[in-house]
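The structure appears below as structure tokens.
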Amino acid sequence: MSRFEELPKAYDASSVEDDIYAAWEASGVFDPDKLPERNQKGAPYCIVMPPPNRTGTLHMGHAAMLAIEDVMIRFERMRGKKTLWIPGTDHAAIATQVKVEQLLMKEGMKDPRKELGREKFLERVMQFADDSANTIRKQVRKMGSSCDWTREKYTLDEERSRAVNEMFKRMYDDKIIERGYRVVNWDPQFQTTLSDDEVLTKETTAKLLTFTYDKDFPITISTTRPETKFGDTAVAVHPTDKRYKDLVGKTLTANFCGKQIKVKIIADEAVDPEFGTGALGVTPAHSMIDADIAVRHDLPTVQVIGKDGKMTGDAGPAFSGLTVIEARQKVEKMLGDAGLLKSVVEIPQNLPVAERGGAPVEQLPMRQWFIRVNKKFALRQDTLGRWKKGDEATLKELMTYAVESGQINIVPDQFKKTYFHWINNLRDWCISRQIWFGHQIPVWYKKKVAESHPSLRREGTGEGRNEATGEDLQTEMMVSDTSLGEGWERDPDTLDTWFSSGLWTFSTLGWPDKKAFDSMKEFHPTAVLETGYDILFFWVARMILMSTYALGEVPFKDIYLHGLVRDEQGRKMSKSLGNVLDPLDLIPKYGTDAVRLSLLMGTTPGQDMKLSEAKVEGFRNFTNKLWNISRFILLQIGGDGVGAHGCAPIEINNIKSKTLADEWILASLDETVASVTQKIEKYEFSSAGEELRDFTWSDLADWYLEIAKIEKGKEQILSHILESILKLWHPFMPFVTEHIWKTAGFENNLIISEWPNQSEGFDKLSLEKLTLIKKFEIFIALITDMRRLRAEQGIEPVKFVEFSITSDEEIKNLINSNLEVIKQLARASDIRCELTPDGWVTAMSGTATIGLNVAGAVDIEKEKAKMQKELAELEPYIKSTKAKLKNKEFASKAPAKVIEGMKAKLEEAEGKKKAIEERLGKM
RNA sequence: GGGCGGCUAGCUCAGUUGGUUAGAGCGUCACAUUGACAUUGUGAAGGUCAGAGGUUCGACUCCUCUGUCGCCCACCA
């Protein structure tokens, strides 16, 4: 009686997972410095976790990310590398602030920021962020993530703040960060600037108005934003456009809806002569394109829309204070009344809206902070092996070269194209935000300094003061992360959240602290960045920017991009659709391992994955299958269970009385180890898992274990196989494997056991040959078993087959005399055998249960029909293959390997055909 | 408007530089059940690889075009 008989028949994940995780964490194996000796000698391998936003809870996308990264880390840890996985969270600036504002408004506040003030408001935001972080920590643990909690980081903690300030200062000193007065994206709802990437487009329709400014104006223009035309300072036409040739260069005045405007007629290539009237009213204040034109032609800027989304005084007294929409309607009406409106047409339009909140985004000229991506600067260190310290380069060049040179490899490959495309179109990055939650810009101003800053002055913008800060232009400016004392005031703006995220790979390792130099040197560049393709631009590109700039090296060697997790119909999971699958709901129901498998299998990098509860359920079943396979092996082994084999590969040659089936399963395991290892190395997780499943389910459970039921004395091999598959599965399904490992009695923790090696020097037969032999053995075993059943228990497993075999010798003879036939049939996955003089009947196939399966009588007519069908399928194949082989061109050009393969298959098919014909003849 | 990707069995997806009769899982159907596992086993059915051309001895694979679905970028004002 073995203690394993008491093991439950079904694996209960929820009763063991938390304890197992706690034991791992307590044992210190997540911390690279506490790993066993062999890992200390191994190569460092570091992944920095993409920090989830502290905006709530984790979703399926995070679960996928954690599952994939944990596979990578566990795999490398078992392979003996010194693994470090740094967890962390992101303050997510605007996203979190918006979320908290919405919550406070639900609680009844009208304008939370005004009502609470900066300090109180930030307290609430930070409280929310901390709560969220606690939830996230729990969820990350639930997923089984083997990350080092002692090194957890936060994008807004003190150390990261130092990194941000240091980076800002360096970039400012290098003049890559610049304060400039430019047209920026402005979100009137949340009263902040946005980067280009935070602006989305929404398809709507708009009225395209065609009109002249006033009755005397010689040019007709078109626009969907008539209210901005108060700010027009030019009308641009294409240089080759003959219609306006005589007007180009003149400056005209007009009375546009009661406001005097002065417009210069200019010629610019950017104008499409085919569109509308071929003339474009240039509004430098409210269009980035127009702003570019204005720079080229040195045009003044007149701001007519304010930060509140209402018309400014420069729109004239009749319009000042109106909302943009009101003004638009009023302009249309006035133009119509005055008979200036030539046409009004509805056209489709892509309206820029804010990523958060969805409000239409205005383009306004403002003084903001920018990172200049096209500005040459002197490098502070040797960079990417191409530039020497002191050489000049632009950020764009660094970002391009990092990927172009292959120092960063992107999986899947096609995202390289997307990356380069984005870089090519990249404009300066506006990094200042008028929100409160985030890294405050480390710049201080002192008022009333005598010097002026004429370079910051722009015409027609209510100049002289910065409306956001109340700061006078005559101000001294210093970069510092601590107060400069009396009279100095800090810039109230905060930085774009992606600024701090950009530093993530090295700020988490302690940069710029000098004490952190060793761990920087050890773990940076990190091994791989694993994240969703949707933040390739937001984040990945910016990490490359920051790392190549500050360190002269890439932040990571590989980028692995996973797809988005969608529902079973391919829709995005969203609360409003009610199709959200929550990892925290699925885990208690199916177990973490099943959830992980369902996110790993059947997925390809860069490709969205569809997830359904049925899929998770399927993998729960597999988890249970693995449990029962293990349980069976342990029952076979019996006693106190397995001994520890240590980490050395089994000495196959030392096992006595190995049968062909033993050799086959060991060779097959060998192949599986090699193949799975290679696939994980190549980030082919799904394929690796499938291979492993095939081995576990088909080879091991369906065949070898059936043999083991009959042939005894396989304890050592079974133990070895169990040990190996637990190891191989561990990165994918850590909990159940660790649980079985302990139950079985293996030493130490599976998590730090050594990854199986492909055994060397094993004189293995080809798998194909062994597979055939395996089937003979099963065949013999089954006959033996059936005879035993008949003899011992009086069970008649095969009613209509008269076994006349009475000794093992006879079985052997039977096999030998039918070797060719069996060989052919074995290939077809079925084994049939002539056992009676009456003709062909089914004997058995597959597993031992088949022995019982064939209890039902075989219908000779059915069998005949089947064989005839088989023949019908074989004939055209044989014919066409023969023809192909005869073809001279084919024979001369196709590789020998292919020809030989075809010949072998043909021969096989012909043999099969012959055998079937013979059998049919006898029937 | 530019770019990228998908279209392979009823569903979800593999298919490695063109090469031996295109694969898996799920689902369906049939059969089985004293056996580690009903969260099971065996077997079957099911595909002119979106369509049309082209290159080649040979195309799911390469090229061109078309269709279709989706994504990213882009303020024809």
Side-chain angles (χ1 to χ4, degrees), chain A residues 4 7 9-11 196 199 201 208 221-225 236 271-272 274-277 279-283 287-290 347 349-352 361 363 412 414-415 417-418 421-422 425 533-534 536-537 564 568 570 601-604 606-612 614-615 617-618 620-625 627-636 682 684 686-687 690 693-694 701-702 705-706 709 793 795 829-830 844-850 852-856 866 873-874 876-878 880-881 884 887-895 897-906 909:
Chain A
F4 299 118
L7 289 179
K9 288 196 169 193
Y11 169 65
D196 291 349
V199 179
T201 51
L208 180 68
I221 58 166
S222 298
T223 185
T224 55
R225 300 286 312 267
V271 180
D272 178 2
E274 303 296 316
F275 186 86
T277 61
L280 166 67
V282 181
T283 322
S287 158
M288 287 186 194
I289 296 277
D290 291 6
I347 58 161
Q349 190 198 34
N350 288 328
L351 183 70
V361 169
Q363 298 188 337
Q414 69 259 24
F415 277 94
K417 287 183 197 165
T418 320
H421 187 253
W422 181 80
N425 295 314
Y533 66 77
D534 53 328
L536 180 64
F537 305 140
L564 273 36
E568 48 197 319
M601 307 276 276
T603 63
T604 328
Q607 213 70 44
D608 290 353
M609 50 184 125
K610 292 180 188 175
L611 185 71
S612 61
K615 188 175 177 186
E617 194 182 339
R620 189 267 322 266
N621 294 355
F622 178 72
T623 310
N624 194 59
K625 182 75 181 177
W627 167 256
N628 274 298
I629 287 169
S630 308
R631 189 163 87 96
F632 173 73
I633 291 178
L634 292 174
L635 282 167
Q636 291 289 303
K682 288 192 282 180
E684 293 171 8
S686 179
S687 181
E690 272 173 41
R693 181 178 54 190
D694 283 349
D702 292 346
L705 293 188
E706 296 302 333
K709 285 175 184 171
Q793 299 171 32
I795 293 170
S829 91
D830 251 10
M844 59 222 50
S845 71
T847 74
T849 41
I850 288 303
L852 298 171
N853 287 353
V854 290
K866 205 169 160 185
E873 278 168 10
L874 277 169
Y877 165 70
I878 291 171
S880 71
T881 310
K884 224 184 234 177
N887 184 309
K888 274 180 198 164
E889 294 228 57
F890 173 76
S892 62
K893 287 181 182 170
K897 196 180 150 195
V898 173
I899 293 175
E900 270 167 42
M902 280 178 75
K903 276 184 181 166
K905 281 232 167 181
L906 179 65

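Letters A, B, ... mirror the listed sequences (proteins, then strands); counts begin at 1.
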Quiz item: With A/Glu274, which residues qualify under side chain to side chain contact (heavy atoms under 4.5 Å, CB included), at least two apart?
Solution: A/Asp272
Exercise. Please identify each residue that fulfils side chain to side chain donor-acceptor pair (under 3.5 Å) with A/Asp196, with sequence neighbours left out.
Key: A/Asn185, A/Arg427
Exercise. Could you pull out all residues at least two apart from A/Thr201 that satisfy side chain to side chain contact (heavy atoms under 4.5 Å, CB included)?
Key: A/Asn350
Quiz item: Taking only residues two or more places apart in sequence, or in another chain, which ones meet A/Glu617 in a side chain to side chain contact (heavy atoms under 4.5 Å, CB included)?
Solution: A/Tyr590, A/Arg620
Quiz item: Looking only at atom P, what distance separates B/U68 and B/U21, rounded to whole Å?
Solution: 36 Å
Pull out every protein N or O sitting under 3.5 Å from an N or O of nucleotides 56-65 of chain B, one pair per line with the distance.
residue	atom	partner	partner atom	Å
B/C57	OP1	A/Lys893	NZ	2.7

Quiz item: Quick one: on RNA chain B, does A/Ala10 or A/Thr277 contact a more 5' nucleotide (nearest heavy atom)?
Solution: A/Ala10
Practice problem: Answer with base, sugar-phosphate or nothing: what part of the nucleic acid does A/Ser687 contact at a heavy-atom distance below 4.0 Å? | Solution: nothing
Quiz item: How would you label the contact of A/Lys610 with the nucleic acid (heavy atoms, under 4.0 Å): base, sugar-phosphate, or nothing?
Solution: sugar-phosphate
Quiz item: B/A77 pairs with which nucleotide, Watson-Crick or G-U wobble, both distances below 3.5 Å?
Solution: none
Quiz item: Do A/Lys9 and B/C37 have a side chain to base donor-acceptor pair shorter than 3.5 Å?
Solution: no
Exercise. May I ask you to say what A/Arg693 touches in the nucleic acid, namely base, sugar-phosphate or nothing, with a heavy-atom cut-off under 4.0 Å?
Key: sugar-phosphate
Quiz prompt | Selected nucleotide, minimal atom distance to A/Asn621 side chain, candidates B/A36, B/U21, B/U39 | solution = B/U39
Exercise. Have a look at A/Pro895 and say if it touches a base, only the backbone sugar-phosphate, or nothing, with a 4.0 Å heavy-atom cut-off.
Key: base
Self-check item: A/Leu7 and A/Trp627, any side-chain heavy atoms less than 4.5 Å apart
Solution: yes
Extract from the structure each pairing of a protein N or O with an N or O of nucleotides 67-72 of chain B at less than 3.5 Å, listing the distance.
none

Self-check item: C1' spacing across the pair B/C7 / B/C49, given as an integer number of angstrom
Solution: 10 Å
Exercise. Decide yes or no for A/Leu280 and A/Ile221: does some side-chain heavy atom of the first lie under 4.5 Å from some side-chain heavy atom of the second?
Key: no
